[in-house]
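Notes to accompany the following structure.
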Amino acid sequence: MNEKFIQKRLKKLTLFVAFISLVILLIGGLVSAALGRVLEESTETQMKSEVEQYKTYIFHQFDADFQTLHTLESFFDFSDSMDTDSFAQKLYDSNNQNHFIRMGFYSTSGTGIRATLNHSVELDIPVNTLPEVLQEIIQKAWDGEDAVSRIFYDETLQETVYAYSIPVYADNGQVAGALLASDSIEIFSDILNDQSALNGQGYIHMIGGNGDFLVRSESRAIKKDVKNIYEGTYFTEKEKTRLKSAISQESSCFSSFQYNGEDYKVFLDPVGINGWYLFCVNTTQQLNSTFYQIVLTTRMVFFGILLLIVLLVFYGYRILRQSNRQLRQIAYHDTLTGANNLAGFTQKVRDSLEKIKECSVVSMNIRQFKFINEIFGRDRADDLLRHMNQILRQNLSEREYYCRDSGDSFFLYLLETDHTRIQQRLDSIMNQISLYSLDTRHNYQILLYCGVAIRTGEESEDHTCEDLITHSIFALHTAKGNHQNSIWFYNLDLHKQEQLENYVESHMNQALKDQEFRLFLQPKFYLDSGNLEGAEALVRWTTQEGKTIFPDQFIPLFEKNGFCARLDLYMADQVCRQIREWIDSGIQPVPVSINQSKLLFYESDYVENLCKITEKYQIPPSLITLEILEGLALENVEELNTRIAQLQEKGFHISLDDFGSGYSTLNTLGSLHIDELKLDRGFLSELSLTHNDSQRVIIEEIISLTKKLYISTVAEGIETLESAELLKSMGCDLGQGYYYSRPLPAKEFTEKFLCPKSQKEPS
Ligand code: C2E
Ligand code: CA
Ligand code: CA
């Protein structure tokens, strides 16, 4: 799982969701805007039509009033000779019968009569004493026109009124005067207060050209003491200007004002008479409530969906991030130490290698870690690993990485290529790790070893992260086998090994036929008495050119390609032939150990084949010890024990070879039914290398266990008298090594150790 890849996916997902949200927001906005527009239009249409209807009511009122006046006119006799008193009486009577508050007749001669409701009749009133507004309409009537006056405050009536005038014609067809009727402006209140405006949810005022309220509906929003629409701060200055400009052009306009935090929509429309305007007010909220609810609901639904998406995305994103973090933690981290694991490490190194050409990869292990695990306990060993993790973290720079692969295997990625510098840094790191104290009883010093692979600028192309890791492991194996030096650098010489391997593989079959594989024997001695106990058979390959190839250079390869099984049987044959030769020559034979490869050991006819060989040479199988590698014990102990039992039944002895070099533990030792244990050479070199008792603790522990299990112990690789003495003091039974003798050709071995006259003390 690539972190970058996940981040990319997350980014894509976020963009996608953001896009979808935007689309939804846009659609929501468009739908809501469209609905809003429809709502607005419908509101306006409704307001317009309402105002239109009220205008019709007003005109009806005018028509009706003019009609009344014209009817009256036809009843009166307006001749020059008319009786003023009786005319005045008639006027008074008729005024009392209609809704006008005052009626008057003004003859073209310039004087008039007027009758006021519930008042006396006034005669001979000069026209020029009347209010100007009345003089204007009287003049219009004299000119033959019907007219309605502007609204004015009548001092005598103490009321705001308006008046109608119609011409009155004499018998000769000439205008004789003007018939006037005044009415209170309040007549329109009834119309405007009928509560039916905008389905009862709106109201209409009548205003004059200067913005004064002429007639105010009772269902108004704004306070009564406001006399003019421009008063106060209900309308903004901008709206006021708009309204004024509409009025100056006698055109209608929509506007809005705010009152008590609510928006009110306004429609201003000229009535068409005397500069009167209808001022229709409503709130959008109240208007078309069902429709408005739909718009509102639509908006809310869209907003809700968006909110939900955003929340879901946010929630999903968090969960994804969290689980991704957890997954990455699991996938890329080691649970014990919290350090990166190999996958996490490889990922980081690969990324870094894209930019950096020169670097090195170090493979770092702890010597004998499995025994630390067993002797000091898993918890202490785990603590040691955590300690190691901490030291590595402290010693690496920000752009350097490390990981724990498994067990005690750590890898480091350093931005260094200089050998000395790497050596210094690794020494310092290993020293800091060694400071960890496992136990207060033993002075066990922790030892580490490293394999280093360096990538220089020139070879950067060929060396991938995996190559560097492989090379560092390769160098680590060399470091493991070499106890003098704990840091090994991978180099090309190690590669020559590969060339040799090619030769080995292509020549092995022929070499076997040509008997190029030769039997060498290395003696084993009792440590306490110094007497010869037996020998180990070791193969040597002498090529036709006379060159000797050592087993380390071909055995691992033969194990891989399967040839080892054939070779081992061949060697068993050679050993038995040698023993037969000793017997036939009257030499007391000694037991010989033969190394057995894993492949051979599990072959179904293995025991049978071995027996065939011993039978062929008439050798008692008790003279043969089969050395098996500890790796075998790691797989199936039960199966291994079965095989061991079969061999022991035939008389063969079983020895566990190289104990301590691999992965087997004290536990494995306890569960295997072996006769002999061979301590790996590594133990000895470390024993002499360090002056602490770390190896001692382990060896003593092993020996004490083997004693309990009646297993004899062989120390391999004894090179000095001190080592021999030391091991003897620790209770080890047998010793084998250069101190006693190198492996010798069988003939030489026989002469040196078995012929009675040449038997002597080890040199
Ligand atoms: P091994 O079985 O552990 O054999 C002991 C190795 O240690 C031998 O290496 C021996 O020469 C070497 N040795 C003995 N004493 C000393 C000493 O004092 N110091 C040092 N530094 N080395 C010492 P050799 O003969 O090169 O064999 C290497 C390995 O090859 C053997 O290790 C064994 O695993 C394998 N091998 C050898 N012959 C055979 C064989 O016929 N069949 C199989 N399957 N494996 C073989
Ligand atoms: Ca061996
Ligand atoms: Ca060995």
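Note that the coordinates shown come from a computational prediction; the quantities given were computed from them, not determined experimentally. In each ligand, atom 1 is the first atom listed, and ligand 1 is the first ligand listed.
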Legend entry - Those atoms of ligand 1 less than 4.0 Å from some heavy atom in Pro743: 11 (O)
Inset, instruction - Kindly check if the number of other-residue, nucleotide or ligand heavy atoms within 6.0 Å of NZ (Lys707) is above 12? - result: yes
Legend entry - atom 29 (C) of ligand 1: nearest protein contact (heavy atom, Å): Asp552 OD1, 3.6 Å
Legend entry - the Ca ion (ligand 2) contact by Ser655, N, O or S atom under 3.0 Å: no
Legend entry - atom 24 (P) of ligand 1: nearest protein contact (heavy atom, Å): Pro551 CG, 3.7 Å
Inset, instruction - Could you tell me whether the side chain of Thr337 and the main chain of Ala339 form a donor-acceptor pair under 3.5 Å? - result: yes
Legend entry - Residue and atom name of the nearest protein heavy atom (relative to atom 13 (N) of ligand 1), distance in Å to one decimal: Tyr738 CE2, 3.7 Å
Legend entry - Which segment of Arg742 sits under 4.0 Å of ligand 1 when only heavy atoms are counted: neither
Legend entry - 4.0 Å protein heavy-atom contact status of atom 32 (O) of ligand 1, strictly under: no
Inset, instruction - Among all protein heavy atoms, pick out the one at the shortest distance from atom 45 (N) of ligand 1; state its residue, atom name and that distance to 0.1 Å. - result: Asn595 CB, 3.5 Å
Legend entry - Closest non-hydrogen atom pair, Cys359 against Leu468: SG-CD1, 4.3 Å
Legend entry - cation_pi(Arg742, Tyr738) dist<6.0 Å, angle<=45: yes
Legend entry - Location of contacts on Arg540 toward ligand 1, heavy atoms closer than 4.0 Å: side chain
Legend entry - Winner among Asp658, Asp680, Val539 once heavy atoms are compared against atom 39 (C) of ligand 1: Val539
Inset, instruction - Check whether any N, O or S atom of Asp680, backbone or side chain, sits closer than 3.0 Å to the Ca ion (ligand 3). - result: no
Legend entry - Side chain, backbone, both or neither: the part of Asp568 lying under 4.0 Å from ligand 1 by heavy atom: side chain
Legend entry - Identity of the N, O or S atom of Asp658 lying closest to the Ca ion (ligand 3): OD1
Inset, instruction - Assess the side chains of Thr750 and Trp582: does a donor N or O sit below 3.5 Å from an acceptor N or O? - result: yes
Legend entry - Name of whichever N/O/S atom of Glu536 is nearest to the Ca ion (ligand 2): OE2
Legend entry - Sole candidate of Ile579, Val592, Val590 that passes side chain to side chain contact (heavy atoms under 4.5 Å, CB included) when paired with Leu623: Ile579
Legend entry - Any side-chain donor near an acceptor of the partner, Ser729 and Glu725, under 3.5 Å: no
Legend entry - Glu559-ligand 1 polar pair, N/O distance under 3.5 Å: no
Legend entry - Between Phe345 and Tyr402, ring centroids under 6.0 Å: no
Inset, instruction - Check for a donor-acceptor pair, side chain of Ser723 on one end and backbone N or O of Glu719 on the other, with a separation under 3.5 Å. - result: no
Inset, instruction - Any chance you could measure Thr713, atom OG1, to Lys678, atom NZ, to the nearest 0.5 Å? - result: 12.0 Å
Inset, instruction - Tell me which protein heavy atom sits closest to atom 41 (O) of ligand 1, plus the residue, atom name and distance to 0.1 Å. - result: Met571 CG, 3.5 Å
Legend entry - Residue Cys564 vicinity, atoms of ligand 1 by number, heavy atom under 4.0 Å: 44 (N)
Inset, instruction - Tell me whether the guanidinium CZ or amine NZ of Arg580 lies under 6.0 angstrom from the six-membered ring centre of Tyr617 and within 45° of its axis. - result: no
Inset, instruction - Using a strict 4.0 Å cut-off to heavy atoms of Ile718, name the atoms of ligand 1 that fall inside it. - result: 18 (O)
Legend entry - Opening angle between OE1 in Glu627 and OD1 in Asn595, taken at the Ca ion (ligand 2), to 10 degrees: 90°
Inset, instruction - Check the angle between the aromatic planes of Phe563 and Phe517 and answer parallel, tilted or perpendicular using the 30° and 60° thresholds. - result: tilted
Inset, instruction - For atom 19 (N) of ligand 1, find the nearest protein heavy atom and state the residue, atom name and distance (0.1 Å precision). - result: Glu719 OE2, 2.5 Å
Legend entry - N/O separation below 3.5 Å, Asp657 to ligand 1: yes
Inset, instruction - Determine, step by step, whether Phe520 and Phe550 satisfy the ring pair (Phe, Tyr, Trp, His ring centres under 6.0 Å) criterion, reporting the C-alpha distance in whole Å, the side-chain angles of both residues, the deciding distance to 0.1 Å, and the verdict. - result: CA-CA 11 Å; Phe520 271 54; Phe550 287 86; 8.2 Å; no
Inset, instruction - Starting from atom 10 (C) of ligand 1, find the nearest protein heavy-atom neighbour and note its residue, name and distance. - result: Leu538 CD1, 3.9 Å
Legend entry - Heavy-atom proximity to atom 15 (N) of ligand 1, best of Glu716, Gln522, Gln574: Gln522
Inset, instruction - Classify the side-chain pair Glu536/Gln736 by whether it contains a donor and acceptor separated by less than 3.5 Å. - result: yes
Legend entry - Heavy-atom protein contact below 4.0 Å for atom 7 (O) of ligand 1: yes
Inset, instruction - Indicate yes or no for a side-chain donor-acceptor contact from Ser655 to the backbone of Asp657 under 3.5 Å, with no hydrogens or angles considered. - result: no
Inset, instruction - Report yes or no: does Asp657 have an N/O/S atom closer than 3.0 Å to the Ca ion (ligand 2)? - result: yes
